[in-house]
Number of protein chains: 2
Amino acid sequence: MTNEEGWKDVAFNSRDPVYLQVVRLFMEKLVTGRLAAGQVIPSRRELASLLKINPNTAQKAYKEMEERRLIVTEGNAPSRVTEDAGVLRGIRAALVEEAADEFIAAVRRIGMPADELIELVRRKYDERQGGGAHD
Amino acid sequence: MTNEEGWKDVAFNSRDPVYLQVVRLFMEKLVTGRLAAGQVIPSRRELASLLKINPNTAQKAYKEMEERRLIVTEGNAPSRVTEDAGVLRGIRAALVEEAADEFIAAVRRIGMPADELIELVRRKYDERQGGGAHD
DNA sequence: GTGTGTGTACTATGTAGTTCATACACTATA
DNA sequence: TATAGTGTATGAACTACATAGTACACACAC
């Protein structure tokens, strides 16, 4: 049994594959320090229980994370977060890039001028938390 | 037959349903003035031919747009862009809102500070067109 | 009337992706 | 040995989507 903090009340949307949302969840935890290098993570079955998903979905997420070098698994010992500093540093950049590229591409297609864009982002950012509720 | 400009070389990603991408394509054309209020749009069959999609997919997209009041169809006359100024004005806002909310929510989860965020957006915006390749 | 072109509706099929259920191999421990 | 915990692998069920094919009602031009 590992620590069980922060795994409850996780909401998944029905638009993206659950296993990819799980991967992103781990990446966000890593970036924000709620998950440290070398730290042991829950087993597939335990995570599935915590997140109320199927163990196979958890397995698929872990396998994806292994391929991305985010976690390591030796034999049948519990998986752990990688110690590779380079990988860990890259996660933040990857998340930011992905979000920003999508956003920029969208507003470009609309032909939104830069200044209006900046103002919008600033205003939205300062707004009260919200708009995150999806499906 | 209507004008055939701007319907070629449209690339669809495999992540989102094609019919919704068609809807977004129309919204972007409306916002950027490449499609005017009241203008006649291609028939279902013609659009399907132009975009190289199935006529049923085109039909589904048009039906979706009818429900959103983006286009109108009277009898069996060719469909036209709505004249409703309020609806047309709302499209731009809707596209912007959607893109921005997603983006802001993402960077919030990462805990990215506002100033760094602004700088990133400005830099990305000025960059040469790119990063749009999905699939 | 006969074409042809509208919009619309329906069923069926194929495919891809996600999730589920189950089983297996291995290790540690009582 | 038996039990329970790991990670892993495979096949089935289910869903959403795109596509194909067909059909119908209507309007306009010839």
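Atoms considered below: every heavy atom in the structure, side chains included; atoms not considered: hydrogens, waters and symmetry mates. Sequence lines set the chain letters: A, B, ... in the order given, protein chains first and strands last, and positions in each chain run from 1. This structure is a prediction, so every number in the text was calculated from the model and none was measured.
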In this structure, CD of Q59(B) is separated from CG of N54(B) (nearest 0.5 Å) by 11.0 Å

Original post:
Within the structure, does a side-chain N or O atom of K60(A) lie under 4.0 Å from either OP1 or OP2 of dT18(C)?
Top reply: yes

Is there, by distance only and without an angle test, a donor paired with an acceptor across the side chain of N56(B) and the base of dA20(D) below 3.5 Å? yes

Item to complete: Looking at every strand, decide which applies to E66(B) at a 4.0 Å heavy-atom threshold: base, sugar-phosphate, or nothing.
Response: sugar-phosphate

Rounded to whole Å, CD1 of I53(B) lies from P of dT19(D) at a distance of 7 Å

Rounded to whole Å, the CG-C1' distance (L51(A) to dT19(C)) equals 15 Å

**Request:** Could you tell me whether K124(A) and D101(B) make a salt bridge, using a distance below 4.0 angstrom between a side-chain N and a carboxylate O?
**Result:** yes

Rounded to whole Å, CG of D16(B) lies from P of dA16(D) at a distance of 16 Å

**Report entry** Pairing of R123(B) and E127(B) as salt bridge, 4.0 angstrom limit
**Finding:** yes

Considering only heavy side-chain atoms of K63(B), the closest of dG7(C), dG7(D), dA9(C) is dA9(C)

Salt-bridge present (E66(B), R80(B); N to O < 4.0 Å): no

*For the pair K60(B) and E64(B), find out whether any cationic side-chain nitrogen is under 4.0 Å from an anionic carboxylate oxygen.*
no

I71(A) atom CD1 is separated from dT6(D) atom P, nearest whole Å, by 14 Å

In whole angstroms, the gap separating P of dG17(C) from CZ of R15(A) amounts to 17 Å

Separation of dA16(C) atom P from N13(B) atom CG, nearest Å, is 17 Å

Rounded to whole Å, the OH-P distance (Y62(A) to dA9(D)) equals 17 Å

Expected string for nucleotides 23-30 of chain D under the B/S/- scheme (protein heavy atoms, under 4.0 Å, primed atoms plus P, OP1, OP2 as sugar-phosphate) is B--BS---

Name the nucleic acid region contacted by Y19(B), choosing base, sugar-phosphate or nothing; use a 4.0 angstrom heavy-atom cut-off, strictly under. sugar-phosphate

Applying the 3.5 Å cut-off to both distances, the Watson-Crick or G-U partner of dC28(D) turns out to be none

Side-chain atoms of Q59(B) come closest, of dT8(D), dA9(C), dC20(C), to dA9(C)

Taking dT6(C), dT8(C), dT19(D) as options, the one with an atom nearest any side-chain atom of R44(B) is dT8(C)

Rounded to whole Å, CG of N54(A) lies from C1' of dC14(D) at a distance of 13 Å

Would K52(A) count as a cation-pi partner of W7(A), with NZ or CZ less than 6.0 Å from the six-membered ring centre and within 45° of the ring normal? no

With a 4.0 Å cutoff (strictly under), does any side-chain N or O of T73(B) reach OP1 or OP2 of dG7(C)? no

Of the listed dT8(C), dA9(C), dC20(C), the closest approach to the T57(A) side chain comes from dC20(C)

### Query
Do I91(B) and V72(B) sit in the same hydrophobic cluster, where Ile, Leu, Val, Met, Phe, Trp and Tyr count as joined when their side-chain heavy atoms come under 4.5 Å apart?
no

